[in-house]
Amino acid sequence: MSEPLSRGAQLEGFLANVPIVKTLGMRCDIKGDDMTTVLPFQDKLIGNFTIKALHGGAIGTFLEMTAMAQLFLVSDVERPARTINITVDYLRQGKAEDLYGRARVIKLGRRMASVTAEAWQSERDKPVAALHGHFLLNRTGTPQT
Amino acid sequence: MDESISSLDKRIDLMRQHMDGMTQVVPWARETGFKVTRVERGQVWGVQPFAEHLVGDVEAQVIHGGAITTLLDNLSGMACAASLEEFRFVATLDLRIDYMRPADSGRDIIGEAECYHVTKSVAFTRAWAYHESRDKVIATAQGAFAINKPRPKASLGVPE
């Protein structure tokens, strides 16, 4: 019998089949329960051509996916969580460069989780955007205790 | 020149004449494929057609929340442009989105945004996403936008 897939391998397998992840061109680098996501720069991610800035919607989508991926990585749910709400702070202009993201699960409850995420470019200490969100864990199919 | 028509009214007219162009010049909006459908003073409507490349939940075939973020962020910024007396670029300070119910698979999502208050440096917005009407929303959004100082024309590549 084959070994059960690690959480990271499950996540990678799952993300490979999500169309929006492919549309963004987002990748993730997973080491155990530690993950950094990468959004390689592409022209289509631009929101303002005059100043060559990334679109806030693209940054927001990337951060929301980063938060959901980290939550999947550290929880035991079979399906990805559902977003209850997110707040995205836009701290600096996203330049025409690669964007990196990391998320931290602040609280993992039975039904809900609170997650923060940050995105940065050339300097880790100068975040481009920060997200805080609440997510509903999808536990359908598991016995209610 | 007719002084009775404010520069804002002229800009709103211009926005109405160029509703397609408003998203055509935004690469990420072109990628998600949303369109502006109506412009009023301080209010902008748009539609995000269902598109397979935006799906975030493969089993349910539902568009990812990020497409709603894109739609409502952009429409909210445009609602600011449709309410500022003088033309200024705006930049999103923050945007909060609450998801009330999942979108239906295969259906267009309508977005509506309004700029309800403007100070010297900040514009405040509300927005809604729904299939039919605001009575049954998919998501609501609340945003704050920084109003940038006017840029010298030269920096925009516009001849003086």
Side-chain angles (χ1 to χ4, degrees), chain A residues 14-26 39 42-69 78-94 96 129-136 138 140, chain B residues 23-34 48 51-77 89-102 111 139-146 148 151 153 155-158:
Chain A
F14 169 76
L15 289 177
N17 289 313
V18 179
I20 187 83
V21 173
K22 281 186 231 170
T23 303
L24 275 172
M26 171 181 169
L39 185 66
Q42 293 182 75
D43 275 338
K44 68 175 178 184
L45 301 172
I46 285 178
N48 185 330
F49 241 125
T50 21
I51 54 171
K52 273 245 173 193
L54 295 179
H55 195 289
I59 297 172
T61 307
F62 171 68
L63 274 180
E64 188 177 339
M65 279 309 306
T66 301
M68 288 171 88
E78 280 172 36
R79 300 201 55 216
R82 265 172 53 190
T83 311
I84 298 168
N85 57 35
I86 53 163
T87 303
V88 184
D89 287 353
Y90 293 93
L91 307 167
R92 282 179 184 80
Q93 183 186 310
L131 170 146
H132 177 214
H134 292 97
F135 296 85
L136 194 63
N138 209 326
T140 35
Chain B
T23 48
Q24 280 306 307
V25 296
V26 180
W28 183 245
R30 221 159 47 203
E31 182 68 23
T32 60
F34 89 83
Q48 170 64 63
E52 276 177 13
H53 72 290
L54 302 177
V55 164
D57 185 332
V58 181
E59 262 176 67
Q61 279 294 304
V62 171
I63 282 185
H64 188 259
I68 293 178
T69 304
T70 302
L71 176 70
L72 298 184
D73 174 55
N74 220 319
L75 291 178
S76 298
F89 282 103
V90 297
T92 320
L93 277 177
D94 70 19
L95 189 72
R96 172 189 169 121
I97 302 187
D98 289 277
Y99 293 94
M100 309 291 153
R101 58 170 59 77
T140 60
Q142 180 126 2
F145 288 76
N148 291 344
R151 282 164 196 278
K153 279 182 181 167
S155 78
L156 300 173
V158 179

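Every chain is numbered from 1 and lettered A, B, ... according to where its sequence line falls, protein lines coming before strand lines. As the structure is a computational prediction, the values presented were derived from the model and not from experiment.
Around CZ of A/Arg82, the count of heavy atoms belonging to other residues, nucleotides or ligands within 6.0 Å does not exceed 12.
Between chain A and the residues B/Leu95, B/Thr140, B/Val26, the most heavy-atom pairs under 4.5 angstrom are made by B/Leu95. When each of B/Thr32, B/Leu54, B/Leu72 is scored by its heavy-atom pairs under 4.5 Å with chain A, the top score falls to B/Leu54. With respect to chain B, the highest number of heavy-atom pairs below 4.5 Å among A/Ile86, A/Val18, A/Thr61 belongs to A/Ile86. Options A/Ala58, A/Gly60, A/Gly47, A/Gly56 differ in how many heavy-atom pairs under 4.5 Å they form with chain B, and the most are formed by A/Ala58.
Distance check: B/Gln142 CD to A/Asn85 CG gives 12.0 Å after rounding to the nearest 0.5 Å. Rounding to the nearest 0.5 Å gives a distance of 11.0 Å between CG of A/Asp89 and OG1 of B/Thr92. A distance of 12.0 Å separates CH2 of B/Trp28 from CD1 of A/Ile46, quoted to the nearest 0.5 Å. Taking CG of A/Leu63 as the start and OG1 of B/Thr69 as the end, the distance is 10.0 Å to the nearest 0.5 Å. B/Asp94 CG to A/Tyr90 OH: the interatomic distance, rounded to the nearest 0.5 Å, is 9.5 Å. Of the inter-residue distances, the one linking B/Glu52 atom CD with A/Thr23 atom OG1 reads 10.5 Å to the nearest 0.5 angstrom.
Contact annotation for B/Val55: both backbone and side-chain heavy atoms come within less than 4.5 Å of a heavy atom of chain A. The contact between A/Leu45 and chain B is made by backbone and side chain atoms together, counting heavy-atom distances below 4.5 Å. The parts of A/Lys44 that come within reach of chain B are both its backbone and its side chain, each placing non-hydrogen atoms under 4.5 angstrom from that chain. Heavy atoms of B/Glu31 lying under 4.5 Å from chain A belong exclusively to its side chain.
Residues A/Asn48 and B/Phe89 have side chains in contact (heavy-atom distance under 4.5 Å, counting atoms from C-beta outward). With a 4.5 Å cut-off on side-chain heavy atoms, A/Glu64 and B/His64 count as touching. Contact annotation: the side chain of B/Asp73 never approaches that of A/Val88 to less than 4.5 Å [non-hydrogen atoms, C-beta and beyond].
Using a cut-off of 4.0 Å between Lys/Arg side-chain N and Asp/Glu carboxylate O, B/Asp57 and A/Arg79 are scored as salt-bridged.
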